[in-house]
Amino acid sequence: MADPTDLIHDVRVISTGSVDIHPEHAYGSNTPMYWWILTSRRWLNRRPINVFVVEHRDGLVLFDTGQDRASVTDPGYFPGGPLRLLYRRLARFDIPAGQTLPAGLWRLGYASEDVVAVVLSHLHQDHIGGLAHLQGPRIVTSTAEHRQLTNPLAETQGVLRSHIDLPGLRWEPTEFGPLGDPDLAPFTHGSDLMGDGSLILLPTPGHTPGSLSMLVRRPGLDPLLMVGDLTYDADALESAGRLPGVGSTRLLRQSADMVLELKRRHPGLRILAAHDPAAATSLEGARRTPAGNRSRHHSSKG
């Protein structure tokens with residue numbers, strides 16, 4: 001059996017541009033969703049579009065793939081008619097040429113060909129945008145999420161099939177089975193991505209019916225939980241239980257409560273969200289900080 005300390009070499013983050021979203025999107029609202037999408041004039045500017053890059057012994061594993069630059073350069077990228085208005089009102093993207101997924105991997109010293117697995121938290125546009133560059137690796141998401149590709153109303157739910165169901169992709173929809181690991185409580189079901197216990201997929205539905213998170217376990221270092229859009233602000237989730245405004249509030253609350261219980265059991269757990277401006281700093285602080293050491297830590301990149 002491989003030395004468990006040698007499974008995860010490093011974890012990095014890149015952002016494929018930035019996105020502006022409404023405060024109601026990030027922090028919820030008592031107003032019906034479609035009303036605030038169409039009427040809100042307030043924006044939270046320049047949120048990241050994070051792609052987490054896990055340097056596993058067997059190759060790179062990506063958690064999400066960011067936003068496609070074609071979404072800001074191709075007038076036909078989004079559906080037409082009233083749906084185009086909704087997409088335009090939901091979010092505003094800025095993706096310079098140097099902030100694509102391939103460019104971000106290149107800055108880390110890697111290429112798309114180094115990726116062996118891609119985990120998609122869910123299938124919204126700002127998480128699947130790099131799929132066209134990833135023809136070789138496993139593409140993993142939950143079976144429930146993958147099922148949305150057959151929904152005739154998928155585009156009304158933020159799932160753009162023409163940019164997801166691409167030829168040559170190696171889809172691996174995953175079912176969550178019993179974990180049998182008390183360290184993962186309160187989660188009882190999940191999936192071991194690499195078969196070595198280092199990367200565990202956990203069901204966290206709510207933002208979408210099949211949303212998932214990925215737990216990164218590194219002996220001697222704080223664990224990381226990549227949660228997609230379960231939250232847009234880990235501090236607001238941890239300190240006040242604030243939930244975002246897109247998805248099923250009931251399922252978001254159930255999933256958030258389980259994540260917070262996991263953190264209660266593992267106080268060093270870092271919750272890393274796709275559009276949280278603090279995620280990159282939190283990750284950098286956790287990359288080399290020994291578990292149990294909560295002081296601010298600085299180190300050069302190895």
Side-chain angles (χ1 to χ4, degrees), residues 49-52 54 56 61-66 115-131 134 137-161 163-166 169-181 184-217 223-232 243-244 246-262 271-275:
I49 309 170
N50 289 325
V51 176
F52 295 100
V54 180
H56 187 275
V61 175
L62 303 184
F63 188 80
D64 288 329
T65 68
V115 179
V116 297
V118 175
V119 176
L120 298 175
S121 62
H122 61 291
L123 297 181
H124 285 168
Q125 56 168 319
D126 49 341
H127 299 259
I128 57 84
L131 286 180
L134 299 164
R138 307 157 55 197
I139 310 294
V140 180
T141 195
S142 73
T143 299
E145 191 70 10
H146 191 260
R147 195 177 297 128
Q148 291 199 83
L149 292 175
T150 64
N151 181 353
L153 300 178
E155 289 183 341
T156 68
Q157 306 300 314
V159 177
L160 301 176
R161 283 177 292 189
H163 304 305
I164 300 171
D165 195 12
L166 303 175
L169 295 183
R170 294 174 50 205
W171 286 98
E172 290 190 14
T174 188
E175 293 281 357
F176 299 111
L179 289 167
D181 186 343
L184 298 174
F187 289 94
T188 59
H189 287 67
S191 178
D192 186 343
L193 180 69
M194 306 300 282
D196 56 25
S198 63
L199 302 174
I200 306 296
L201 308 184
L202 301 171
T204 49
H207 182 67
T208 66
S211 289
L212 61 76
S213 298
M214 185 169 78
L215 180 68
V216 182
R217 299 197 286 189
L224 311 171
L225 186 66
M226 300 160 185
V227 299
D229 289 354
L230 177 66
T231 182
Y232 292 76
L243 298 176
V246 176
S248 164
T249 301
R250 178 181 64 84
L251 291 177
L252 281 167
R253 174 55 61 198
Q254 290 178 2
S255 294
D257 285 349
M258 292 182 73
V259 165
L260 292 174
E261 174 61 16
L262 184 67
I271 298 174
L272 304 174
H275 307 295

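The residues of the chain are indexed from 1 along the displayed sequence. Side-chain atoms are counted along with the backbone in the values below, which use heavy atoms only and exclude waters and symmetry mates. The structure displayed is predicted, hence computed values, not measured ones.
Distance check: Ile128 CD1 to Leu166 CG gives 7.5 Å after rounding to the nearest 0.5 Å. Note that OG of Ser211 and CG of Leu120 are 11.0 Å apart. Values are rounded to the nearest 0.5 Å. Rounding to the nearest 0.5 Å gives a distance of 4.5 Å between CG of Leu123 and CD1 of Ile164. Rounded to the nearest 0.5 Å, atoms CG (Asp165) and CG (Leu160) are 12.5 Å apart. Summarising the geometry, atom CE belonging to Met258 is positioned 10.5 Å from atom CG belonging to Leu184; distances are rounded to the nearest 0.5 Å. Between the CD atom in Gln148 and the NE2 atom in His124 there is a gap of 6.5 Å [rounded to 0.5 Å].
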side-chain contact (heavy atoms from CB on, under 4.5 Å) between Val116 and Arg138, worked out: CA-CA 6 Å; Val116 297; Arg138 307 157 55 197; over 6 Å; no
Candidate pair Leu199 and Met214, rule side-chain contact (heavy atoms from CB on, under 4.5 Å), full reasoning: CA-CA 7 Å; Leu199 302 174; Met214 185 169 78; 4.2 Å; yes
side-chain contact (heavy atoms from CB on, under 4.5 Å) evaluation trace for Thr204 with Val227: CA-CA 8 Å; Thr204 49; Val227 299; 5.8 Å; no
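Pro205 approaches Ser255 most closely through the heavy-atom pair O-OG, 2.6 Å. Between His122 and Asp64, the closest heavy-atom pair is N-OD1, 4.3 Å. When all heavy atoms of Pro203 and His189 are compared, the pair lying nearest together is CD-O, 3.3 Å. Closest approach of Pro223 and Leu215 over heavy atoms only: CB-CD1, 4.2 Å. Across Ala117 and Pro137, no two heavy atoms sit closer than the pair N-CB, 3.6 Å. The two residues Phe63 and Ser121 come nearest to each other via the heavy atoms CZ-CB, 3.5 Å.
Leu262 places a side-chain heavy atom less than 4.5 Å from the side chain of Pro186. Between Ile200 and Leu179, some side-chain heavy-atom pair lies under the 4.5 Å cut-off. Side-chain contact between Val259 and Phe187 is present, with at least one heavy-atom pair separated by less than 4.5 Å. Side-chain atoms of Val115 and Val61, non-hydrogen and from C-beta on, never get closer than 4.5 Å to each other. When side chains are defined from C-beta on, Leu62 counts as touching Leu134, because their heavy atoms get closer than 4.5 Å.
Judged by distance alone, with hydrogens and angles left aside, the side-chain atoms of Asn50 form a donor-acceptor pair with the main-chain N or O of Ala273 at under 3.5 Å. Side-chain N or O atoms of Thr65 include one that pairs as donor or acceptor with a backbone N or O of His127 at under 3.5 Å. No donor-acceptor pair under 3.5 Å is formed between the side chain of Thr141 and the backbone N or O of Pro173. The main-chain N or O of Gly210 is found under 3.5 Å from a side-chain atom of Ser142 such that the two form a donor-acceptor pair.
Screening Leu212, Leu252, Leu225, Leu243 for a side chain to side chain contact (heavy atoms under 4.5 Å, CB included) with Leu230, the sole residue that qualifies is Leu252.
With sequence neighbours left out, the side chain to side chain donor-acceptor pair (under 3.5 Å) criterion links Glu261 to Arg264, Arg265. Residues passing the side chain to side chain donor-acceptor pair (under 3.5 Å) test with Asp196 are His56, Ser198, sequence neighbours excluded.
Relative orientation of the Tyr232 and His275 rings is parallel, given thresholds of 30° and 60° on the angle between their planes.
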Extract all donor-acceptor atom pairs below 3.5 Å that involve side chains of residues 150-159 and protein atoms in other chains or at least two apart in sequence.
| from | atom 1 | to | atom 2 | distance (Å) |
| --- | --- | --- | --- | --- |
| Thr150 | OG1 | Arg147 | O | 2.7 |
| Asn151 | OD1 | Leu153 | N | 2.8 |
| Thr156 | OG1 | Leu153 | O | 2.6 |

